[in-house]
**Q** 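Have a look at the structure that comes next, please.
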Amino acid sequence: MKQILGRKVGMTQLFDAESGSAVPVTVIQAGPCRVTAVKNHAEHGYHAVQIGYEEVPARKLSGGERGHLTKAGLPALRHLREVRLGGPAEVARGDEITVAAFAEGDKVDVTGVSKGKGFAGAVKRYGFAGGPKTHGQSDRHRAPGSRGAGTTPGRTFKGSRGPGRMGNDRTTLHNLRVVLVDAEKHLLAVQGAVPGPADGLVTIRGAVKV
């Protein structure tokens with residue numbers, strides 16, 4: 001099962017031994033994760049596995065979370081995520097998942113929460129061109145302009161692009177190449193950037209759109 005939770009460490013570069021070129025990579029401290037629950041079609045209507053990550057003092061969890069993990073004979077884990085499967089799970093409750101499940105050259109999807117940038121105008125948020133820079137336009141340089149028709153319908157449609165909160169959204173980057181796997185230190189390096197700030201929680205899984 002190629003899915004694991006981790007925290008973004010930061011970006012650096014590695015050198016390709018064959019071409020000699022520098023490859024920008026993001027280093028992720030991933031796992032180890034524990035299987036906290038296994039669901040099957042007969043009992044739950046679908047196949048899935050729940051994994052937990054990051055051991056913390058039990059007082060930091062809710063009563064329901066503590067009871068769920070204690071019943072499974074597992075320590076207190078801060079983050080629980082469910083992984084849907086296409087068939088019966090090949091793991092059992094209590095099993096450990098590490099970066100050893102991945103190999104160099106694998107393609108993965110990385111999901112995280114992007115950096116929040118607060119309220120932003122349409123030029124910064126969506127790349128609008130702004131207004132004309134000549135003919136007396138002194139205050140329209142970064143204005144979005146008209147976003148709707150006139151009398152009919154006489155309003156702006158829902159979902160129209162414009163100013164608003166930018167970032168702080170669940171974001172997935174697809175088909176990132178695994179450049180380095182260090183099972184001893186639980187490190188994973190993927191080519192390119194991944195969503196979120198340093199120390200942000202990310203989910204790494206095998207690519208679904210290869």
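Heavy-atom basis, side chains included; hydrogens, waters and symmetry copies ignored. All values derive from a computational prediction rather than experimental measurement.
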**Q** Would you check if the side chain of Arg93 reaches a backbone N or O of Val38 as a donor-acceptor pair within less than 3.5 Å?
**A** no

**Q** So which residues get pulled into Phe128's cluster when ILVMFWY side chains under 4.5 Å apart are joined, directly or through others?
**A**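 Besides Phe128, the cluster holds Val123, Tyr126.
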
**Q** For the pair Arg66 (side chain) and Leu61 (backbone), establish whether a donor and an acceptor sit closer than 3.5 Å, ignoring hydrogens and angles.
**A**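 At least one qualifying donor-acceptor pair exists.
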
**Q** Give the intermediate values and the outcome of side chain to side chain contact (heavy atoms under 4.5 Å, CB included) for residues Val25 and Thr12.
**A** CA-CA 6 Å; Val25 298; Thr12 183; 3.7 Å; yes

**Q** Is it the case that the side chain of Arg7 and the backbone of Asp199 share a donor-acceptor pair, with hydrogens and angles ignored and the cut-off at 3.5 Å?
**A**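 Checked: pair present.
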
**Q** Hydrogens and angles aside, do Arg177 and Gln191 bring a side-chain donor and acceptor to less than 3.5 Å of each other?
**A**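 Distance-only check passes for Arg177 and Gln191.
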
**Q** Does any N or O in the side chain of Ser114 come within less than 3.5 Å of the main-chain N or O of Gly196, such that one atom is a donor and the other an acceptor?
**A** no

**Q** Is the backbone of Glu184 close enough, under 3.5 Å, to the side chain of Asp182 for a donor and an acceptor to pair up by distance?
**A** yes

**Q** Has Lys8 got a side-chain atom pairing as donor or acceptor with Val194's backbone, closer than 3.5 angstrom?
**A** yes

**Q** Taking Ser160 for its side chain and Lys158 for its backbone only, find out whether a donor-acceptor pair lies under 3.5 Å.
**A** no

**Q** Would you say His68's side chain and Gly64's backbone share a donor-acceptor pair under 3.5 angstrom?
**A**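 Pair absent, no side-chain N/O of His68 close to backbone of Gly64.
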
**Q** Any donor and acceptor pair, going by atom type alone, linking the side chain of Thr26 with main-chain N or O of Gly192 inside 3.5 Å?
**A**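 The answer is yes, because a donor-acceptor pair under 3.5 Å joins these two groups.
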
**Q** Checking side-chain polar atoms at under 3.5 Å, does Thr111 have a donor or acceptor matched by the opposite partner on Thr172?
**A** yes

**Q** Arg78: which residues meet the salt bridge (Lys or Arg N to Asp or Glu O under 4.0 Å) condition with it, sequence neighbours left out?
**A**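 In terms of salt bridge (Lys or Arg N to Asp or Glu O under 4.0 Å), with neighbours along the sequence ignored, Arg78 is linked to Glu54.
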
**Q** Examine Leu176 and Leu180 and state if one hydrophobic cluster contains both, with Ile, Leu, Val, Met, Phe, Trp and Tyr joined whenever side-chain heavy atoms are less than 4.5 Å apart.
**A** no

**Q** Can you tell me if His174 has over 12 outside heavy atoms packed within less than 6.0 Å of its NE2?
**A**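 Above 12, so yes.
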
**Q** Can you tell me how the ring of Tyr53 sits relative to the ring of His79, calling it parallel under 30°, perpendicular over 60° and tilted otherwise?
**A**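 If you compare the ring of Tyr53 with that of His79, the planes turn out parallel.
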
**Q** Which residue pairs satisfy the salt bridge (charged side-chain N to carboxylate O under 4.0 Å, His left out) criterion with at least one member in residues 24-45, sequence neighbours excluded?
**A** Lys39-Glu82

**Q** Apart from Tyr46 itself, what residues make up its hydrophobic cluster, given side-chain heavy atom links below 4.5 Å?
**A** none

**Q** Clusters formed by hydrophobic residues whose side-chain heavy atoms approach within less than 4.5 Å: which one holds Val27, and what are its other members?
**A** Val9, Leu187

**Q** Passes side chain to side chain contact (heavy atoms under 4.5 Å, CB included), Val179 versus Val190? Steps please.
**A** CA-CA 5 Å; Val179 179; Val190 297; over 6 Å; no

**Q** Taking NZ, NE, NH1 and NH2 as the nitrogens, is one of them in Lys209 or Asp109 under 4.0 Å from a carboxylate oxygen of the other?
**A**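 No.
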
**Q** According to side chain to side chain donor-acceptor pair (under 3.5 Å), does anything in residues 132-157 pair up with another residue at least two apart or in another chain? List the pairs.
**A**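 Of all non-adjacent pairs touching residues 132-157, none passes side chain to side chain donor-acceptor pair (under 3.5 Å).
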
